[in-house]
Asks: 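Input: one structure, supplied below.
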Number of protein chains: 2
Amino acid sequence: MGITLRDVAARADVSVATASRALQKPAMVSTATRERVQQAVDELGYSPNRSARTLITGRTGVLGVVVPDLLNPFYPALLKGAQERARHHGVQLLLADAEETPEGELPLVRTLAPQVDGILLCSPRMGAKELDAAARLTRIALVNRTHTYLEAVAPNALSGVRGALRHLRSLEHRRIGVVGGPARSWSEGRRRRTIARAADELDVEVVDVGHFAPTVEGGRAAAESVLVLELGAVLVYNDVMAIGLLAALRESGFRVPQDISIVGWDDIESAAVTDPPLSTIRVPRREMGAAAIDALVEDPAAHQDGLTWRFESAFVARGSTGRARRAGD
Amino acid sequence: MGITLRDVAARADVSVATASRALQKPAMVSTATRERVQQAVDELGYSPNRSARTLITGRTGVLGVVVPDLLNPFYPALLKGAQERARHHGVQLLLADAEETPEGELPLVRTLAPQVDGILLCSPRMGAKELDAAARLTRIALVNRTHTYLEAVAPNALSGVRGALRHLRSLEHRRIGVVGGPARSWSEGRRRRTIARAADELDVEVVDVGHFAPTVEGGRAAAESVLVLELGAVLVYNDVMAIGLLAALRESGFRVPQDISIVGWDDIESAAVTDPPLSTIRVPRREMGAAAIDALVEDPAAHQDGLTWRFESAFVARGSTGRARRAGD
DNA sequence: CGCCATGCTGCAAACGATTGCACGCGGACG
DNA sequence: CGTCCGCGTGCAATCGTTTGCAGCATGGCG
């Protein structure tokens with residue numbers, strides 16, 4: 001790793017300054033010089049020391065990504081999209097797991113901020129005040145969340161919910177249970193409102209099943225309420241919970257979709273391979289990850305308005321939804 | 001971000017050198033000075049500019065992690081473990097996805113190398129020559145793979161395989177199909193050998209079902225051969241494939257475990273929530289990720305011998321394995 | 001033929017931290 | 001009381017790159 005610009009300059013018989021310019025601002029040097037420098041670079045296998053450049057320019061060429069929990073199956077696809085896009089932009093990704101502690105998020109941003117050009121906050125649990133603080137430290141983009149002046153990438157749930165409800169209605173369901181996620185979660189609130197709106201449009205009744213942990217266990221826990229309420233169809237906060245619910249219902253001797261129809265949310269990978277495969281509302285996670293990186297890389301001039309990028313979600317009909325046992329259920 | 005060591009030094013009324021020492025080598029300064037500097041740091045909210053330090057010391061405080069595919073459910077848990085450990089060591093993680101292209105791995109290492117203190121290569125597809133080249137660029141640790149002089153973290157498959165075969169034998173299975181992964185994969189070879197050895201010990205017959213893609217589709221594709229060979233029990237290269245196989249068998253009207261027993265491998269999260277839940281050989285991915293980071297952070301003096309850290313795998317009995325229809329199947 | 005604009009190039013000063021070296025001061029010891 | 005030792009501190013060089021400024025040609029134009 002000992003080859004510096006000095007060496008290159010010496011070999012090309014120019015000054016360090018010229019060598020630097022030949023590489024950074026090719027237009028500023030003559031063609032002949034540029035070629036000589038380039039040749040020296042190739043021969044020596046020179047690669048610039050990023051820290052030195054960063055020290056001057058203040059840009060690190062690295063973006064941070066904070067996810068609440070790497071084990072949450074929602075994030076891998078998002079990371080994949082982000083990573084592809086980052087590579088495309090010639091930028092690296094610094095990964096951090098907030099370990100589901102909302103109080104931990106801001107400190108995390110604090111340590112990350114000096115080392116990156118911007119941070120992607122995925123479904124941050126932190127409050128508005130903390131977001132403000134974060135934004136003061138570095139450029140921020142949000143996923144699955146909006147905040148007045150910050151750039152954000154979020155799904156447009158309406159299309160998907162509409163599709164799901166329409167589908168259920170066509171199967172004679174009129175009374176649809178909603179299994180909620182954590183009560184205080186930002187997306188829970190949003191999703192509820194969207195469901196209410198779509199249900200209103202489509203004239204179906206929404207029954208609140210309650211709030212549950214966004215885990216397989218949480219889904220299992222919802223089973224009892226679902227049965228007590230004698231629901232024929234439920235829309236679940238996310239696929240992981242839907243999978244838990246599916247398992248619990250099966251264990252209680254209920255058949256899906258013959259007895260109960262289940263619609264999940266997110267379309268995580270395993271939703272397609274459950275038995276029956278899960279009907280769900282697909283959220284384009286990969287595209288969202290990619291868009292978020294674009295937002296961070298782009299000229300901060302557009303930062304002004306704090307654009308929100310909306311991604312259409314769509315209902316995906318699979319095997320977990322079927323005709324209501326009693327019409328109107 | 002404008003606060004430099006200079007400012008701190010000025011406020012504490014010491015030289016920059018002393019300020020630096022107060023923070024880096026506390027033993028070198030008097031208690032009074034150290035406290036004054038610390039106070040200045042706190043009041044100003046100073047945080048050191050890493051690039052400047054890196055420029056001098058050559059250490060970036062960042063480790064690279066290269067995974068073949070972020071969407072492969074094997075890796076999230078591994079990343080989680082790595083990330084936890086990295087944070088514990090005060091080190092950051094640079095994430096890179098090789099996008100399943102073996103030729104892409106070395107270039108990736110090349111771009112990563114100058115920016116990191118070491119790289120974690122997860123299940124690298126590259127050959128021995130490329131690994132040598134990589135090792136020349138930076139410190140390397142391997143996961144799921146060994147290479148003479150490199151530090152590596154790999155599962156000890158024997159215990160798990162032994163458990164699985166013993167379990168199957170206790171259910172009267174004597175003839176066990178092995179659904180293989182990609183023929184040229186390093187771990188495929190290893191797993192095959194381990195299976196052969198354990199089968200030998202336990203006196204069960206191993207039937208080769210062939211090689212398939214390590215995906216749900218690959219697992220589905222294996223179904224036909226499994227049926228043709230009239231197998232009563234199969235051990236599958238990984239859980240993802242096992243899930244595919246499970247689905248395909250079900251669709252063909254076969255019941256698991258009544259007709260066929262299936263054992264997966266890895267114990268990914270979704271293995272526990274299939275129907276029936278998948279019996280599998282657990283690989284401690286999180287611990288492996290953590291150990292790999294430890295290996296990279298530790299004093300490179302131990303680098304000499306290229307230690308391999310073995311992690312015990314263990315068979316996990318769930319619902320996909322049952323008594324053989326005909327004893328000896 | 002002279003002047004000026006223009007295009008390349010080099011000098012040298014940054015950037016913010018770390019670290020070898022030297023200096024001064026005090027106490028301990030002879 | 002003199003010498004020496006050692007601790008704590010500051011000076012200044014250094015890491016590798018970028019960049020403002022100035023200098024030097026060269027070529028075009030009047």
Side-chain angles (χ1 to χ4, degrees), chain A residues 1-41 44-62 90 92 111 113-117 137-138, chain B residues 1-41 44-62 90 92 111 113-117 137-138:
Chain A
M1 304 281 82
I3 301 153
T4 79
L5 198 52
R6 244 184 128 91
D7 305 324
V8 172
R11 180 162 195 126
D13 198 31
V14 293
S15 73
V16 198
T18 305
S20 173
R21 282 190 275 250
L23 298 174
Q24 303 304 320
K25 326 239 163 116
M28 284 187 69
V29 306
S30 72
T31 316
T33 319
R34 189 182 330 136
E35 280 168 357
R36 241 172 35 242
V37 171
Q38 187 53 53
Q39 188 182 344
V41 165
L44 266 50
Y46 164 80
S47 91
N49 181 326
R50 296 227 180 191
S51 322
R53 185 197 319 235
T54 299
L55 186 51
I56 311 228
T57 62
R59 332 209 103 216
T60 62
V62 178
Q92 304 290 345
T111 53
Q115 318 182 45
V116 299
D117 295 335
L137 294 172
T138 185
Chain B
M1 302 283 80
I3 300 150
T4 79
L5 198 53
R6 244 182 128 91
D7 304 324
V8 172
R11 180 161 195 128
D13 198 31
V14 294
S15 72
V16 198
T18 304
S20 172
R21 282 191 275 252
L23 298 174
Q24 303 304 321
K25 327 241 162 114
M28 285 186 69
V29 306
S30 73
T31 315
T33 322
R34 191 184 327 139
E35 280 167 357
R36 244 176 28 247
V37 170
Q38 186 55 53
Q39 188 183 345
V41 165
L44 266 49
Y46 165 77
S47 91
N49 180 326
R50 297 229 180 190
S51 323
R53 180 189 322 208
T54 299
L55 186 51
I56 311 227
T57 63
R59 331 210 102 215
T60 61
V62 177
Q92 305 290 347
T111 52
Q115 318 182 45
V116 300
D117 295 337
L137 294 171
T138 186

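By convention in this document, chain letters (A, B, ...) are assigned in the order of the sequence lines, proteins followed by strands, and residues within each chain are numbered from 1.
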Asks: Taking OP1 and OP2 of D:dT18, is either one under 4.0 Å from a side-chain nitrogen or oxygen of A:Gln24?
Replies: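 A:Gln24 to D:dT18 OP1/OP2: side-chain N or O found under 4.0 Å.
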Asks: Rounded to whole Å, please give me the gap between CZ in A:Arg50 and P in D:dT18.
Replies: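 Atom CZ in A:Arg50 sits about 11 Å away from atom P in D:dT18.
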Asks: Can you give me the N/O atom pairs linking the protein to nucleotides 10-13 of chain C at distances under 3.5 Å, or say none if there are none?
Replies:
| unit_1 | atom_1 | unit_2 | atom_2 | d |
| --- | --- | --- | --- | --- |
| C:dG10 | OP2 | A:Ser15 | N | 2.9 |
| C:dG10 | OP2 | A:Ser15 | OG | 3.2 |
| C:dG10 | OP2 | A:Thr18 | OG1 | 2.5 |
| C:dG10 | N7 | A:Arg21 | NH2 | 2.7 |
| C:dG10 | O6 | A:Arg21 | NH1 | 3.3 |
| C:dG10 | O6 | A:Arg21 | NH2 | 2.8 |

Asks: For a side-chain contact (heavy atoms from CB on, under 4.5 Å) check, start with the C-alpha distance between A:Leu23 and A:Gln38, then their side-chain angles and the critical distance, and finish with the verdict.
Replies: CA-CA 8 Å; A:Leu23 298 174; A:Gln38 187 53 53; 4.0 Å; yes
Asks: Within this structure, what is the CZ-to-C1' distance between A:Arg34 and C:dG7, rounded to whole angstrom?
Replies: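 Value for this atom pair: 13 Å.
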Asks: To the nearest 0.5 angstrom, please state how far the CD1 atom of B:Ile3 sits from the CG atom of B:Asn49.
Replies: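 Rounded to the nearest 0.5 Å, the CD1-CG separation comes out at 12.5 Å.
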Asks: To the nearest angstrom, how far is A:Glu35 atom CD from C:dT9 atom P?
Replies: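 Atom-to-atom, A:Glu35 to C:dT9, this comes out as 12 Å.
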Asks: Are side-chain N/O atoms of A:Thr54 and A:Ser51 paired as donor and acceptor at under 3.5 Å?
Replies: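 Result is no, nothing qualifies.
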Asks: By nearest nucleotide on DNA chain C, pick out whichever of A:Met28 and B:Arg6 is the more 5' one.
Replies: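 In this pair, the answer is A:Met28.
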Asks: Would you check if the side chain of B:Asp117 reaches a backbone N or O of B:Thr60 as a donor-acceptor pair within less than 3.5 Å?
Replies: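 At least one qualifying donor-acceptor pair exists.
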Asks: Counting only N and O atoms by type, is there a donor-acceptor contact under 3.5 Å from the side chain of A:Thr57 to the main-chain atoms of A:Arg53?
Replies: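 Yes; at least one donor-acceptor contact below 3.5 Å.
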Asks: How many Å lie between CG on A:Asn49 and P on D:dG16, as a whole number?
Replies: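 It is 7 Å, rounded to the nearest whole Å.
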Asks: Where each residue is assigned the nucleotide of DNA chain C containing its nearest heavy atom, which of A:Ala32 and B:Arg53 is assigned the position nearer the 5′ end?
Replies: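 It is A:Ala32 whose nearest nucleotide is closer to the 5' end.
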Asks: Examine the side chains of B:Gln39 and B:Arg11 and answer whether a donor and an acceptor come within less than 3.5 Å of each other.
Replies: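 No.
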Asks: If I take atom CG in residue A:Leu23 and atom P in nucleotide D:dT17, what distance separates them, rounded to the nearest angstrom?
Replies: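 Computing the A:Leu23:CG to D:dT17:P distance gives 10 Å.
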Asks: Specify the separation, in whole Å, of atom CG of B:Leu55 and atom C1' of C:dC15.
Replies: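 Atom-to-atom, B:Leu55 to C:dC15, this comes out as 9 Å.
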Asks: Is the phosphate of C:dT19 approached by B:Lys25 (side-chain N or O, under 4.0 Å from OP1 or OP2)?
Replies: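 Answer yes for this pair, as a side-chain N or O of B:Lys25 is under 4.0 Å from OP1 or OP2.
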Asks: What is the distance, rounded to the nearest whole Å, between atom CZ of A:Arg59 and atom P of D:dT19?
Replies: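 Interatomic distance, CZ of A:Arg59 to P of D:dT19: 12 Å.
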Asks: Can a side chain N or O of A:Ser20 be found less than 4.0 Å away from OP1 or OP2 on D:dT19?
Replies: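 False: A:Ser20 side-chain N/O out of range (4.0 Å or more) of D:dT19 OP1/OP2.
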Asks: Go through the steps for A:Thr18 and A:Thr33 under the test side-chain contact (heavy atoms from CB on, under 4.5 Å), then give the verdict.
Replies: CA-CA 8 Å; A:Thr18 305; A:Thr33 319; 3.7 Å; yes
Asks: Distance check: side-chain N/O of A:Ser30 vs OP1/OP2 of C:dT9, anything under 4.0 Å?
Replies: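 For C:dT9, OP1/OP2 do have a side-chain N/O of A:Ser30 under 4.0 Å.
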Asks: Between B:Asp7 (CG) and C:dC15 (P), how many Å, whole number?
Replies: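 My rounded result for the distance is 11 Å.
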